[in-house]
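Comments concern the structure below.
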Amino acid sequence: MSEPDTFRAAIARLPAGVAVITLRWRGTLHAMTASAITSVSLEPPMLLFCVHTDARFRDALDDVDTWSVSVLADDQAPTADWLASPGRPAIDQLARVPHRPAPVADAVWLDGAAAWFDCRTDSVHRAGDHDVVVGSVVVAEQGPAGAGGLVHLRGRLHRVR
């Protein structure tokens, strides 16, 4: 069995795309930065993301079945960092982040993202200290054709074009 620090250092060498997941719970918009997100199926369209089991966002998923994904563009690293900050306030955490209402989910899409998805939770699976949330995509849109992306590699965010 791998030691946790050894595993963390080794898996950090796998580049991962960066997105922000949003939902509205108890009248408040919640958001989290995720790098454990991927396409699951093209037919039907599905994607997944992973969330820590003791996160406030995870608690919200027990009550809310729709959520939005904004795939961050290459100039949105400050947003990724802010929404990954432990201890940020639950109220108005998106006040400094330009956004608009999502078309289907009771959530928001971040302005300037490379792509957006609205999803409905299909299933949730426990996987160690995280839960894997699988969602059916109900809306998908692309951002500007020239938008780059962000990847998380070795504990840092990197721009990709």
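The first residue of the sequence shown is numbered 1, and numbering continues consecutively from there.
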Exercise for the section: Any salt bridge (charged side-chain N to carboxylate O under 4.0 Å, His left out) involving residues 91-101? Give me the pairs, sequence neighbours left out, ordered by first then second residue. Expected result: Arg100-Asp111
Please enumerate all residues that pass side-chain hydrogen bond (donor to acceptor under 3.5 Å, both in side chains) together with [X], with sequence neighbours excluded.
| X | answer |
| --- | --- |
| Asp75 | none |
| Arg56 | none |
| Arg161 | Asp74 |
| Thr28 | none |

How would you list, by chain and number, every residue that makes a salt bridge (charged side-chain N to carboxylate O under 4.0 Å, His left out) with [X], sequence neighbours excluded?
| X | value |
| --- | --- |
| Asp59 | none |
| Asp118 | none |
| Arg88 | none |

Practice task
Could you note down all residue pairs passing side-chain hydrogen bond (donor to acceptor under 3.5 Å, both in side chains) where residues 39-53 supplies at least one of them, sequence neighbours left out?
Solution key: His52-Asp54
Problem - Donor-acceptor pair, side chain of Thr66 and main chain of Ala105, under 3.5 angstrom - result: no
Problem - Sidechain-backbone polar pair: Trp116 side chain, Leu110 backbone, donor-acceptor under 3.5 Å - result: yes
Completion exercise
For residues 53-94, the ring pair (Phe, Tyr, Trp, His ring centres under 6.0 Å) pairs (sequence neighbours left out) are Phe49-Trp67
Which value, rounded to the nearest 0.5 Å, describes the distance between [X] atom [atom1] and [Y] atom [atom2]?
| X | Y | atom1 | atom2 | answer |
| --- | --- | --- | --- | --- |
| Gln76 | Arg159 | CD | CZ | 10.5 Å |
| Leu48 | His125 | CG | NE2 | 8.5 Å |
| Gln93 | Leu83 | CD | CG | 6.0 Å |

Under 3.5 Å donor-acceptor pairs involving side-chain atoms of residues 130-156, not counting sequence neighbours:
from, atom 1, to, atom 2, distance (Å)
Asp131, OD1, Arg126, NE, 2.5
Asp131, OD2, Arg58, NE, 2.5
Asp131, OD2, Arg58, NH2, 3.3

Could you give the side-chain donor-acceptor pairs of residues 18-26 under 3.5 Å, partners two or more places apart or in another chain?
from, atom 1, to, atom 2, distance (Å)
Thr22, OG1, Val108, N, 3.2
Thr22, OG1, Val108, O, 2.7
Arg24, NE, Asp106, OD1, 2.9
Trp25, NE1, Asp63, OD2, 2.9

